[in-house]
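Have a look at the structure below, then the notes.
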Amino acid sequence: MSSKPLPKHAPVVVIGGGIMGCSTLYHLAKMGVSDAILLERNQLTSGTTWHSAAQVRALRHSRNLTRMIQYSVELYGQLEKETGQAAGWIQKGSLSIATNPDRLVHIKRQEALARAYGIPAHSITAGEAKERWPLMNAEDVLGAVWSPDDGRVSPSDVCAALVKGARSYGAKLFEKTGVTAILTENGRVRGVETTNGTVMCDAIALCTGLWSREAGAMAGAEVPLLACEHFYLLTKPVDGITGNTPTLSDHDNHLYIRDDSGGLLVGCFEPMGKPIAPGVLTESFEFGLLPEDWDHFEPMMMNALHRLPALETAEVKMLLNGPESFTPDGTFMLGETVETKGLFLGCGMNSVGVAAGGGAGMNLAHTIIHGAPAYDLSEADAKRFAPVFNSVEHLMARAPEVLGTHYDIAYPGKQFKTARNLRKLPLDEEYRAAGAHLGQFFGWERPLYFGKDREPVLKFGRPDWFENVRREVMAAHERAAIFDASPFGKIEVEGPDAEPFLLKVCAGYVGRKPGSVIYTAILNERGTFESDITVQRLSETHYRLFVGTNAIKKDLTWFSRHAEGFDVSLTDSTETYAVLGLMGPESGRIAAAVGASELNGIGYFKHGEAHIAGRHVRAARLSYVGEAGWEITCRSENTRAIFKALTEAGATPAGLFAQTAMRVEKGFCAMGHELDSDVTPVETGLDAMTRKSGGFIGAEVIAERKMAGAVSRIVSLTFDDDAAVPLGHEPLLMAGDVAGQTSTCAYGYRVGRPIALAHVDRPLETGSVIDVDIAGNLFKATVTNGPLFDPEGIRMRPS
Ligand SMILES: Cc1cc2nc3c(=O)[nH]c(=O)nc-3n(C[C@H](O)[C@H](O)[C@H](O)COP(=O)(O)OP(=O)(O)OC[C@H]3O[C@@H](n4cnc5c(N)ncnc54)[C@H](O)[C@@H]3O)c2cc1C
C-alpha cells in the first residue's frame with residue numbers, strides 16, 4: 001500500500017505504470033493537466049515494460065504510424081536533457097535484411113515512405129550490411145535497408161525519465177495502488193476505487209497492458225486483447241561483440257538481434273505464438289517471467305544459428321519468456337470507449353509498445369484533452385472491432401496468429417486464417433458456391449472476388465485475381481453485376497426531431513422530402529471527417545443511415561453523443577437489412593424482368609419501393625462504381641430469393657476488389673483512404689456537399705477554409721507503365737521533391753491502366769506528370785483533377 005494519501009479528485013487518472021501510462025502522464029502534465037495522477041498496483045514497469053527488448057524502429061506501413069514513432073525517437077533522444085534522468089537511448093541504427101525478393105520490395109516500400117517523411121533510410125548491399133554486422137552470415141542476403149536514426153532505450157530508465165518529467169509539471173505517481181473498481185454514472189466515468197481509497201475523476205487513461213480486457217470490464221467496456229508468450233534468447237559475452245550494435249532485423253527468419261551486455265539478444269516472432277488465457281497472470285505477476293520453452297523456440301534457434309554462426313559456441317544465459325498483449329488486427333487501441341464516456345484506452349501494444357509509446361502517449365493525452373489525437377489514428381481507434389472479437393475463444397485463436405504475422409511481408413489482400421466465419425452474410429452459401437475468395441471486415445465474411453479455383457498466391461506484382469476482377473468489372477460495365485453491401489452499418493433515426501438532429505450532425509442538406517437520398521459528410525468541430533454516410537429519408541420522422549462496415553460502433557456512438565436535447569431514437573438495424581447493389585447498363589432490363597419495373601422510374605438520389613420475387617425492397621438510385629443502378633435494401637431473410645431472381649435474370653455477383661477498382665476510376669473518395677480526420681471536405685473536393693447556410697457541426701471551419709482559398713488536394717493518377725502495381729501509401733515526387741502520397745490504388749479496367757487516387761500538397765494541373773516511388777522504382781503518372789471514368793448521366797451526388 002502506498003504511504004502517500006491519494007487526492008480526493010484528479011481530472012485524469014492514468015491506470016498502469018508501464019511505458020504507455022508513464023508517457024500518457026508525462027504528456028498530460030506537459031499539456032497542462034498538471035494535477036493528473038498515475039496509479040500502479042505494483043511498481044513502475046513491473047508488468048511487461050521492464051523486460052522489453054525496447055527497440056525503436058521507425059519503418060512502418062502508414063504515414064501517421066511512421067510519424068508517431070518518429071515522435072518517440074525525438075522524445076527519447078531529448079528526455080535526458082529535459083529531465084536530467086538518462087533514458088538509456090542508444091542510437092545505433094537498425095538494419096533490415098531481405099533474403100527473398102518480396103522482402104526486398106517490402107523493406108524498400110517502407111524505406112520510400114520513411115524518406116518521404118524525413119526519416120533517413122537507405123538501401124545498402126549485402127556486403128555493406130555485413131560490414132555493419134560482421135557476425136552475420138550474409139550468404140543468402142539479397143539486400144538491406146539501413147535506418148541510422150533508429151535505436152533503443154532502457155525501458156525502465158525511459159519510464160523513470162517520463163515520470164520525472166511529469167512530476168516536474170506537477171503530476172503525481174502512486175505505486176502499490178491497485179484500481180479495484182471503476183465508478184460510473186449515466187454511462188460516464190466518475191472515479192476509481194483503489195486499494196488505497198477512492199479518487200473521483202473526469203477521465204481515465206486505461207494503460208493496464210495485458211490486463212486491460214479485465215480492467216475495461218470494470219466499466220463494462222470491451223477491450224479485445226490477449227497476451228501471448230514472447231521469447232528472446234540472451235547469451236553471455238560473445239567474441240566480436242564490442243560496444244553497442246545496430247538492431248538486426250531478419251524478418252524472413254522471424255528474428256530480431258542485437259547486443260546485450262557484450263552478448264547477444266535474439267528475439268523472435270514465430271509463425272504461431274502461444275496464447276495465455278485470461279486470469280492466468282494475476283496481479284502477483286510483478287516483474288514476472290514465464291517458463292522457458294526450448295521445444296517451442298527450437299525452430300527459431302535453428303534460424304538464429306544460420307544467421308549467427310557465432311551462436312553455436314555462445315553460452316546461453318537464459319531464454320526469456322515474457323507476456324505481451326495482441327489485438328485482433330495487430331494494431332494498438334487508442335481512444336475513448338463506446339460503452340463509457342471518459343474511459344480512454346491506451347493498450348494492446350502488439351510488441352511495439354516501447355517504440356510507439358512516446359507518440360502513442362502523446363496522442364492519448366491529446367485525445368483526452370482535445371477530444372481527438374494530434375493526427376488521424378483511425379487505424380488504432382478503439383471502436384473498430386466488432387463485439388464478437390471480445391470473446392475469449394476468438395482471442396485465443398487470433399492473438400497467436402497476430403504475433404506470428406508481426407514480421408510478415410505486407411502483401412496486398414492478405415487475410416487472417418484464424419477466428420474466421422464469425423459473421424456470415426445472408427448469401428454466404430451462394431457466394432461460396434460461386435468460388436468467392438472471402439475477406440473479413442468487422443467480423444463479416446465478404447467476397448473479394450469470385451471464381452477462385454485455388455488459394456491466391458500473394459505477391460506485389462500483378463495479383464492472381466487480376467482476370468477474375470476484370471470479368472466482374474466488365475460484367476458491371478457491359479451488363480449488370482451485384483455488389484453486396486449488406487455489411488454496411490445501418491442506423492434508424494426516428495422521432496419528431498429526426499430532421500433537426502440530422503441537420504446538426506450532417507454537413508449535407510437532409511431536409512429534402514421523404515423519398516430522397518443524401519450522401520453527406522459527418523464532420524467534427526475541426527471540420528474534418530468523422531464519417532461519410534448515405535441517408536435515406538423514409539418519412540417526415542424516420543431516416544435510415546448507411547455507414548461504413550467498420551464504422552458502425554464509432555458512428556452510432558458519435559450520433560448518440562450528439563443527440564442530447566433532441567427527441568430522437570437511434571437503433572442499429574445492421575443485421576435486419578441486407579443491401580445488394582445492382583449496377584450496370586442492363587440493370588433496368590433486369591429490374592423489369594424480376595417484376596420491379598417501378599425501379600426504372602426512380603430519379604437520381606431518390607429511393608422507391610417495389611417487390612422482387614414477391615419480397616419487398618427499397619431501391620436507392622445511386623452508384624458507387626460509375627455504372628447506373630440501385631442499392632436495393634431488403635430484409636435479410638429475403639435476400640436469397642431476391643438474389644436468385646436477379647442472377648437468373650442475368651446479373652453476376654462481383655466482389656469488393658472490383659468495386660474498389662471502379663470507385664477509383666470514378667474518383668470517389670472513401671473513409672480511411674482519402675477521407676479521414678486530417679482533412680475537411682474542402683481539401684477533398686467534397687465541399688459542394690456541405691450546406692452554405694451552415695448550422696452543422698464543423699460549419700465555421702468549412703467557411704474559413706473556403707474563405708482562405710483552400711482547394712481540393714485529391715487527384716486521380718494514371719500510370720504510363722501498364723506493369724506498375726501501386727498499392728497505396730507510395731510517395732509522389734516532383735523533381736525529386738515529395739509532393740504527396742497515393743491513397744487507394746487499383747487497376748482501372750475500364751481505362752486500361754494502373755490508376756490511383758492521391759493526396760497532393762500543392763495544386764497540380766490536369767496533365768502534369770509526376771513520379772511515384774513504388775519500392776524504390778520511379779513510375780511516371782499523369783494527373784487528372786476529377787474522375788478517370790465518367791460516363792454521361794452517372795452521378796454519385798446530386799448536383
Ligand atoms: C520479450 C518482449 C520483448 C519486447 N521487445 C520490444 C521491443 O523491442 N520494442 C518495442 O517497442 N516493444 C517491445 N515489446 C513490447 C513492449 O514491451 C510492450 O508493448 C510494452 O511494454 C507494453 O507497455 P504497457 O504500458 O502497455 O503495459 P505494461 O508494461 O504491462 O504496464 C501495465 C501496467 O498496468 C498495471 N496494472 C494492471 N492492472 C492494474 C490495476 N487494476 N491497477 C493499477 N495498475 C494496474 C500493471 O501492474 C502494469 O505495470 C516487447 C515485449 C516483450 C514481452
- Message: Taking Gly608's backbone N and O only, do any of them form a donor-acceptor pair with Glu598's side chain (distance below 3.5 Å, no angle check)?
- Response: no

- Heavy-atom nearest pair, Met583 first then Leu622, reads CE-O, 3.3 Å

- Interatomic distance, OG1@Thr684 vs CG@Leu757, rounded to 0.5 Å, equals 11.5 Å

Residues 772-781 side chain polar contacts: donor-acceptor under 3.5 Å, at least two apart:
from: Asp773; atom 1: OD1; to: Gly776; atom 2: N; distance (Å): 2.7
from: Lys780; atom 1: NZ; to: Asp771; atom 2: OD1; distance (Å): 2.7

- Report the residue from Lys666, Arg663, Arg750 that forms a salt bridge (charged side-chain N to carboxylate O under 4.0 Å, His left out) with Glu627. Arg750

- Task: Measure from NZ or CZ of Arg753 to the centre of the six-membered ring of Phe719 and say whether it is under 6.0 Å with the direction within 45° of the ring axis.
- Result: no

- Query: How close do Ala758 and Leu717 get, heavy atom to heavy atom, and via which atoms?
  - Reply: CB-CD1, 3.9 Å

- Item | Short side-chain to backbone donor-acceptor contact, Arg537 and Arg512, under 3.5 Å | yes

- Query: Has the side chain of Gln659 got a donor or acceptor atom that lies under 3.5 Å from a matching backbone atom of Tyr624?
  - Reply: no

- Does the side chain of Tyr519 reach to within under 4.5 Å of the side chain of Thr534, using non-hydrogen atoms? yes

- Message: Surrounding NZ of Lys459 (heavy atoms of other residues, nucleotides or ligands, distance under 6.0 Å), is the total greater than 12?
- Response: yes

- Message: With no hydrogens and no angle check, just 3.5 Å: does a side-chain donor-acceptor pair link Asp381 and Asn550?
- Response: no

- What side-chain hydrogen bond (donor to acceptor under 3.5 Å, both in side chains) pairs are there with at least one residue in residues 575-587, not counting sequence neighbours? Arg423-Glu575, Arg544-Tyr577, Glu586-Arg589

- Task: Evaluate the salt bridge (Lys or Arg N to Asp or Glu O under 4.0 Å) criterion for residues Lys417 and Glu455: first the C-alpha distance (whole Å), next the side-chain angles of each, then the deciding distance (0.1 Å), finally the verdict.
- Result: CA-CA 12 Å; Lys417 293 193 171 65; Glu455 276 308 304; over 6 Å; no

- Query: Ser743 and His673: which non-hydrogen atoms are nearest, and at how many Å?
  - Reply: CB-O, 3.6 Å

- Query: For Ile491, which of Asp572, Thr574, Val547 qualifies under side-chain contact (heavy atoms from CB on, under 4.5 Å)?
  - Reply: Val547

- Any donor and acceptor pair, going by atom type alone, linking the side chain of Thr528 with main-chain N or O of Ser677 inside 3.5 Å? yes

- Item | Heavy-atom donor-acceptor pair, Glu445 side chain to Lys424 backbone, under 3.5 Å | no

- Which residues share a side-chain contact (heavy atoms from CB on, under 4.5 Å) with Arg762, sequence neighbours left out: Met734, Asp737, Ala739, Leu764

- Message: Both conditions, 6.0 Å and 45 degrees, for the charged tip of Arg462 above the ring of Tyr747: are they met here?
- Response: yes

- For Tyr411, check ring-ring contact (aromatic ring centres under 6.0 Å, His included) against everything at least two apart and list the hits. Phe460

- Message: Ser531: which residues meet the side-chain contact (heavy atoms from CB on, under 4.5 Å) condition with it, sequence neighbours left out?
- Response: Ile522, Ile533, Asp555

- Evaluate side chain to side chain contact (heavy atoms under 4.5 Å, CB included) for Val738 paired with Leu733, printing each intermediate quantity in order. CA-CA 5 Å; Val738 176; Leu733 304 169; 3.7 Å; yes

- Indicate the ring-plane relationship of Phe385 and Phe389, choosing parallel, tilted or perpendicular according to the 30° and 60° boundaries. perpendicular

- Query: Which is it for Arg454 and Val457 under the side chain to side chain contact (heavy atoms under 4.5 Å, CB included) test, yes or no, and what are the steps along the way?
  - Reply: CA-CA 9 Å; Arg454 60 184 165 85; Val457 176; 3.6 Å; yes

- Taking atom types as modelled, is there a side-chain donor on Asn64 or Ser62 under 3.5 Å from an acceptor on the other? no

- Nearest heavy-atom approach of Thr520 to Gly508 is OG1-N, 2.8 Å

- Task: Look at the rings of Tyr449 and Phe657 and say which category their plane angle falls in: under 30° parallel, 30 to 60° tilted, over 60° perpendicular.
- Result: parallel

- Message: Quick check against the 3.5 Å criterion: does Asn785 have a side-chain atom that pairs as donor or acceptor with the backbone of Val715?
- Response: no

- Contacts of type ring-ring contact (aromatic ring centres under 6.0 Å, His included), residue Tyr375, not counting sequence neighbours: none

